[in-house]
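Step one of this worksheet: look at the structure below.
Numbers for residues simply follow the sequence, beginning at 1. Both ligands and their constituent atoms are indexed starting at 1 by order of listing.
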Amino acid sequence: VGSATTRWRMAAACALIALAAPACAPRAAEKAATPLAVMLPPSERPFWDPIARRFEETHPGVRVDLVEGPQSTDLRENLYTASLLARDPTFDLVYMDVTWTAKFAAAGWLLPLDGSLTPEELARFLPAALSAGEFEGRLYRVPVRTDVGLLYYRRDLLEAAGLRPPETFEELRRDAAALQSPPGAWGFVWQGKQYEGLVCDYLEVLRGHGGYWVDPKTLSVGLDRPEALAALAFLVRCIRPDPISPPGVTTYQEEESRRLFQDGRAVFLRNWPYAWRLAQSEDSPIRGRVGVLAMVHEPGARSAGTLGGWGLGISRYSRHPDLAMEFIRAATTLEAQRVLCAPTGYAPARMEAYRDTALLSANPFLRELERLHAYAVPRPVIARYALASDILQRHLSAALAGSDVPEHALREAARETRAMVGGSRTAPAAAEARP
Ligand code: GLC
């Protein structure tokens with residue numbers, strides 16, 4: 001079975017990478033250049049382009065290939081996994097979500113980077129962003145940008161109705177219901193599709209109810225506790241019986257929900273910092289009418305925003321690891337942070353960027369963002385994170401779709417999660433990942 005699985009995985013990796021190849025096919029004159037490749041989401045590629053071209057200028061004979069992968073983090077993780085399992089040297093750099101570090105490092109797919117950066121250099125990054133790149137005391141990923149889940153609202157609509165921004169889930173529900181006029185304009189839009197984004201949204205509601213998913217230290221699972229049920233009940237109630245979210249919310253990723261909000265068709269939006277910059281763009285119908293908060297919470301519990309973010313690691317199978325490290329350095333300077341974060345509104349990973357006049361004038365929201373980062377809560381750092389997330393996604397999704405009741409969905413999710421994490425602390429993905 002093992003070797004058949006391995007063969008299948010290798011075939012899948014080759015097929016998938018062949019699919020991605022046209023995006024990085026070298027022009028004839030460039031064929032002799034040393035390639036350095038990384039896979040990114042299509043939405044980020046235009047903003048990485050100037051960083052890549054600048055690196056080529058300062059490194060004659062090097063060609064940086066920015067390969068566009070699928071937009072969702074789960075699908076890109078699968079592609080990288082297939083490639084790394086096959087020991088494929090195509091990707092030198094791994095552009096990684098915060099949740100990938102433990103799995104990729106435990107599997108031995110990444111080179112440790114701590115020796116390549118001095119403690120002074122490392123101290124320049126936001127501590128939470130930096131520690132998302134660590135596994136068992138070593139650094140495998142240098143943070144480029146960070147993320148935190150936020151609650152956006154239509155300040156103009158709330159003010160006109162004499163309402164203060166909500167603090168609790170009940171107030172959010174009540175205000176959304178009072179201000180919506182469906183189907184033209186909905187109360188609350190978020191990410192309800194079965195993918196990682198749903199886990200991020202649920203985790204914020206769960207924390208805001210005082211609950212937890214997996215405690216990374218004790219491996220205790222909190223999904224069948226009353227807080228977890230109350231959190232899922234809140235999301236289900238957004239959809240029925242008195243909806244404040246459109247029926248289509250169960251198919252939304254970040255962009256679907258943002259577009260609706262930006263078109264003026266929603267009162268509240270859960271999304272990441274990039275949505276602010278777009279809401280304020282010249283052609284945005286809601287420019288100047290948006291407020292932002294940390295996610296609401298139950299009385300007595302605390303607001304939480306899921307910690308997200310992206311960083312660069314180096315593949316163990318890269319043929320050019322030193323060059324890849326040089327690229328990481330170049331991609332994480334203050335100047336590179338300006339290039340990437342000024343036009344996009346991404347939250348930089350370097351602390352000094354939050355005081356940088358160029359960045360602040362491009363995005364004054366950075367000041368507030370620094371404050372909102374205080375609410376950031378990481379997802380559990382476990383090597384089998386992707387499996388835990390799959391289990392949760394599946395059961396949350398069944399409850400949202402109405403094909404399962406929340407109690408049963410969460411009981412099953414808790415049972416499967418316990419069976420999966422139980423006893424797996426020290427023997428994580430490595431054993432199953434190595435062909
Ligand atoms: C953002 C976050 C990332 C998260 C993803 C979910 O890209 O930075 O951490 O996993 O959204 O869709």
Side-chain angles (χ1 to χ4, degrees), residues 38-45 47-48 68-81 94-104 125-126 128-134 141-152 189-207 213-214 235 249-259 269-278 295 304-313 337 340-341 344-349 369 372-373 375-382 385-390 392-393 396-397:
V38 60
M39 178 167 48
L40 308 160
S43 58
E44 285 191 35
R45 155 124 203 212
F47 308 103
W48 278 90
E68 286 184 20
Q71 186 62 34
S72 96
T73 174
D74 317 52
L75 296 178
R76 282 200 315 289
E77 183 182 4
N78 290 348
L79 273 179
Y80 266 124
T81 298
V94 188
Y95 189 47
M96 298 163 61
D97 199 341
V98 282
T99 52
W100 304 2
T101 311
K103 168 178 160 182
F104 284 31
F125 294 99
L126 289 167
L130 190 66
S131 66
E134 290 168 355
R141 164 195 181 274
V142 180
V144 173
R145 65 185 191 86
T146 182
D147 254 339
V148 59
L150 303 171
L151 182 65
Y152 293 89
V189 288
W190 41 284
Q191 293 83 53
K193 187 183 162 131
Q194 185 177 331
Y195 81 120
E196 183 61 26
L198 172 59
V199 168
C200 296
D201 287 27
Y202 176 67
L203 201 56
E204 286 161 10
V205 181
L206 177 63
R207 294 283 189 158
W213 173 14
V214 180
L235 288 182
V249 78
T250 52
T251 64
Y252 291 176
Q253 299 190 43
E254 285 81 356
E255 274 300 86
E256 288 81 7
S257 54
R258 184 199 55 88
R259 281 198 208 101
L269 162 73
R270 184 274 171 206
N271 214 316
W272 306 102
Y274 83 98
W276 175 267
R277 177 107 176 101
L278 292 168
M295 181 48 78
T306 298
L307 175 76
W310 294 85
L312 287 166
Q337 297 264 277
L340 187 68
C341 301
T344 54
Y346 292 156
L369 201 49
L372 289 162
H373 263 296
Y375 297 96
V377 177
R379 282 160 275 176
V381 179
I382 50 173
Y385 178 84
L387 290 174
S389 173
D390 273 349
L392 187 57
Q393 289 174 30
L396 292 177
S397 192

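Among Leu198, Asp97, Thr146, the residue whose heavy atom lies nearest to atom 10 (O) of ligand 1 is Asp97. The closest non-hydrogen atom to atom 12 (O) of ligand 1, taken over Glu196, Glu254, Gln191, comes from Glu254. Of the listed options Asp147, Asn271, Thr306, Val98, Asp147 places a heavy atom closest to atom 2 (C) of ligand 1.
At a 3.5 angstrom cut-off on N or O pairs, Thr73 does not count as close to ligand 1. In terms of polar-atom proximity, defined here as any N/O pair under 3.5 Å, Trp272 does make such a contact with ligand 1. Looking at Trp310 next to ligand 1, an N or O pair under 3.5 Å apart turns up. Polar contact with ligand 1: absent for Leu307 (N/O pair, distance under 3.5 Å).
Contacts between Arg379 and ligand 1, counted as non-hydrogen atom pairs separated by less than 4.0 Å, involve the side chain only. Residue-level proximity to ligand 1 for Gln253 is absent, since no heavy atom of it falls below 4.0 angstrom.
Counting the atoms of ligand 1 from 1 in the order shown, those under 4.0 Å from a heavy atom of Gly197 are 6 (C), 12 (O). Near Gly309, meaning under 4.0 Å from one of its heavy atoms, ligand 1 places the atoms 2 (C), 8 (O), 9 (O).
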Could you walk me through whether Trp276 and Leu150 pass the side-chain contact (heavy atoms from CB on, under 4.5 Å) test, one step at a time? CA-CA 10 Å; Trp276 175 267; Leu150 303 171; over 6 Å; no
request  = Would you sort out whether Tyr274 and Glu254 count as a side-chain hydrogen bond (donor to acceptor under 3.5 Å, both in side chains), showing the intermediate values?
outcome  = CA-CA 10 Å; Tyr274 83 98; Glu254 285 81 356; 5.9 Å; no
**Request:** Could you walk me through whether Cys200 and Trp272 pass the side-chain contact (heavy atoms from CB on, under 4.5 Å) test, one step at a time?
**Result:** CA-CA 10 Å; Cys200 296; Trp272 306 102; 3.9 Å; yes
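The distance from atom CG of Leu79 to atom CE of Met39, rounded to the nearest 0.5 Å, is 4.5 Å.
Across Ala388 and Ile382, no two heavy atoms sit closer than the pair CB-CD1, 4.1 Å. Of all the heavy atoms in Ala129 and Arg141, the pair that sits closest is O-NH1, 3.6 Å.
Applying the 6.0 Å contact sphere to OH of Tyr375 captures no more than 12 heavy atoms from other residues, nucleotides or ligands.
Between Tyr346 and Trp310, a ring centre-to-centre spacing not shorter than 6.0 Å is recorded.
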